Protein chains: 2
Amino acid sequence: MRVLDISEVVEQTGLRPSTLRYYEEIGLIKSIGRHGLRRQFAPQTLMQISLITLGKSAGFTLDEIAGMFGEDGQPDLPREDLQARADDLDKQIHDLTILSKALRHVANCSAPSHMECPKFQKLLRVVKRHKRG
Amino acid sequence: MRVLDISEVVEQTGLRPSTLRYYEEIGLIKSIGRHGLRRQFAPQTLMQISLITLGKSAGFTLDEIAGMFGEDGQPDLPREDLQARADDLDKQIHDLTILSKALRHVANCSAPSHMECPKFQKLLRVVKRHKRG
DNA sequence: ACTTGACCTCAAGTTAACTTGAATTTTTAT
DNA sequence: ATAAAAATTCAAGTTAACTTGAGGTCAAGT
């Protein structure tokens, strides 16, 4: 299994062929050659796509993600940038944790008005403070 | 401070006036009346906007978020839905944690090729397994 | 040789979430 | 009373990230 047809990449990643072509068009991934018309992908690409998908779910734009890979398709960023991005992520994780808690709270709290429930308000205040800091 | 001018909401939330009008247009928030032409917002709205912003950062669409509020602007969803959404969030948090770790790893690992670094690969595999399950 | 199915290109269309701009209306300050 | 500041509406424009569709190509099996 040295090279992959687009259909195999589709199968492994869950992305659609049009998406993969689009990603290639904007330079986010590369095909390694053609068999007739057909793009051939290196197995490496699968991992790269994992990273892309992961990055997307973290809220990065495709442009930002593209900026994280070097010419060779390997992650490539100055260390400080990576640290900074990781820090951002940790912030986001923190916020999401709060949201998750808030949701579970609302699911279980029998107060007539969540907006006026002290616990709920506290959760929201935490977020606000966080966003401003 | 019973009612808020749009400018006050802008100041408190960091959103732009056009965004607030847009949110009202699509029914995500409501103004409580007018002073002349000018919209007046209830202080409640600030908390609602906190939730909206939070929801957005969690990757929910405005439509989905709109579906989480009742007519009164209060969070309103069947308990199971809330639990399910919280579960989704926890999954996402899990993924983001991995991404954060991956970034920090890349920042510190001196291996020539991250894609081939065992630790890095392991991180990616975890994500994959997770997405499929 | 021929059909079939997987792939291709390229231009145009789509959706979400806003933003922009022009023309108008108040409200507030002097 | 008047000018400046702050809002308003409404239509149209923008950006990201794809998708769709029409029409064409290629390679593998019968």
Side-chain angles (χ1 to χ4, degrees), chain A residues 1-42 45-46 48-69 85 88 92 131, chain B residues 1-42 45-46 48-69 85 88 92 131:
Chain A
M1 207 224 232
R2 238 336 329 126
V3 298
L4 307 173
D5 245 21
I6 203 172
S7 60
E8 302 178 82
V9 180
V10 162
E11 194 188 344
Q12 298 281 322
T13 64
L15 299 184
R16 306 179 51 172
S18 61
T19 305
L20 293 172
R21 287 188 207 108
Y22 173 68
Y23 282 1
E24 190 184 9
E25 190 185 329
I26 64 174
L28 195 50
I29 60 175
K30 294 202 159 135
S31 55
I32 200 169
R34 295 284 176 119
H35 178 52
L37 278 186
R38 303 180 184 187
R39 287 166 180 79
Q40 306 292 130
F41 292 96
T45 305
L46 293 180
Q48 201 183 342
I49 291 173
S50 291
L51 277 181
I52 292 169
T53 305
L54 206 45
K56 275 191 41 176
S57 86
F60 293 112
T61 66
L62 295 186
D63 249 30
E64 288 171 320
I65 296 172
M68 301 179 192
F69 294 101
R85 282 172 198 277
D88 283 357
Q92 196 183 338
K131 296 255 160 163
Chain B
M1 207 219 230
R2 229 2 303 132
V3 299
L4 308 173
D5 245 20
I6 203 171
S7 59
E8 304 179 81
V9 180
V10 163
E11 194 187 344
Q12 299 281 323
T13 62
L15 298 184
R16 305 180 51 172
S18 61
T19 307
L20 293 173
R21 289 189 206 106
Y22 174 68
Y23 281 1
E24 189 183 10
E25 190 187 327
I26 65 173
L28 195 49
I29 61 175
K30 294 205 158 132
S31 55
I32 201 169
R34 294 287 176 116
H35 179 52
L37 277 187
R38 303 176 182 190
R39 287 168 180 79
Q40 306 293 129
F41 292 97
T45 306
L46 293 179
Q48 203 184 340
I49 292 174
S50 291
L51 277 181
I52 292 169
T53 305
L54 206 46
K56 275 191 41 178
S57 86
F60 292 113
T61 66
L62 295 185
D63 249 30
E64 287 170 322
I65 295 172
M68 300 180 191
F69 293 102
R85 283 174 197 277
D88 283 356
Q92 198 184 336
K131 297 255 158 163

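Keep in mind it's a predicted model, so treat the numbers as computed, not measured. We name chains A, B, ... by the order of the sequence lines, and we start the count at 1 in each one.
Of the two residues contacting DNA chain C, namely A:Arg39 and B:Lys56, the nearest-nucleotide position lying further toward the 5' end is that of A:Arg39. Between A:Asp63 and B:Ser7, it is B:Ser7 whose nearest contact on DNA chain D lies nearer the 5' terminus.
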Please evaluate residues A:Leu20 and A:Thr45 with respect to the criterion side-chain contact (heavy atoms from CB on, under 4.5 Å), reporting the C-alpha separation (whole Å), side-chain torsions for both, the decisive distance (0.1 Å), and the verdict. CA-CA 11 Å; A:Leu20 293 172; A:Thr45 305; over 6 Å; no

Residues A:Ile49, A:Phe41; criterion side-chain contact (heavy atoms from CB on, under 4.5 Å); working and verdict: CA-CA 11 Å; A:Ile49 291 173; A:Phe41 292 96; over 6 Å; no

Pair B:Arg16-B:Val10, side-chain contact (heavy atoms from CB on, under 4.5 Å): steps then yes or no: CA-CA 6 Å; B:Arg16 305 180 51 172; B:Val10 163; 5.9 Å; no

Under the criterion side-chain contact (heavy atoms from CB on, under 4.5 Å), I'd like the reasoning laid out for A:Ile6 against A:Arg21: C-alpha separation, chi angles, the key distance, then a yes or no. CA-CA 9 Å; A:Ile6 203 172; A:Arg21 287 188 207 108; 4.2 Å; yes

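Annotation: side chain to side chain contact (heavy atoms under 4.5 Å, CB included) contacts of B:Thr61 (sequence neighbours excluded): B:Asp63, B:Glu64.
In this structure the side chain of A:Thr13 never reaches within 4.5 angstrom of the side chain of A:Thr53, judged on heavy atoms.
Within residues 21-29 of chain A, the residues having any heavy atom under 4.0 Å from DNA chain D are, by residue number, A:Tyr22, A:Tyr23.
Overall bending of the helix from C:dA1-D:dT30 to C:dT30-D:dA1, expressed as the angle between end axes built from five pairs apiece, is 0° (10° steps).
Once you apply a 4.0 Å limit to the heavy atoms of chain B, the touched nucleotides of DNA chain D run 5' to 3' over D:dA6 to D:dT9.
Between the C1' atom of C:dA6 and the CG atom of A:Leu4 lies a distance of 16 Å, rounded to the nearest Å.
Note that the CE atom of B:Met68 and the CD1 atom of B:Ile52 stand 10.5 Å from one another [nearest 0.5 Å].
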At under 4.0 Å between heavy atoms, how does the protein contact nucleotides 23-30 of chain C? Give one character per nucleotide, 5' to 3', with B, S or -. ---BS---

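Counting non-hydrogen atoms under 4.0 angstrom, B:Ser18 reaches a base of the nucleic acid.
Taking every heavy atom of both residues into account, B:Val3 and B:Glu8 meet most closely at O-OE2, 4.1 Å.
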Acceptor/donor pairs from residues 27-40 of chain B side chains to any protein atom, 3.5 angstrom cut, sequence neighbours excluded:
from    : atom 1 : to      : atom 2 : distance (Å)
B:Lys30 : NZ     : B:Glu71 : OE1    : 3.1
B:Ser31 : OG     : B:Glu24 : OE2    : 2.5
B:Arg34 : NH1    : B:Leu37 : O      : 2.5
B:Arg39 : NE     : B:Glu24 : OE1    : 2.5

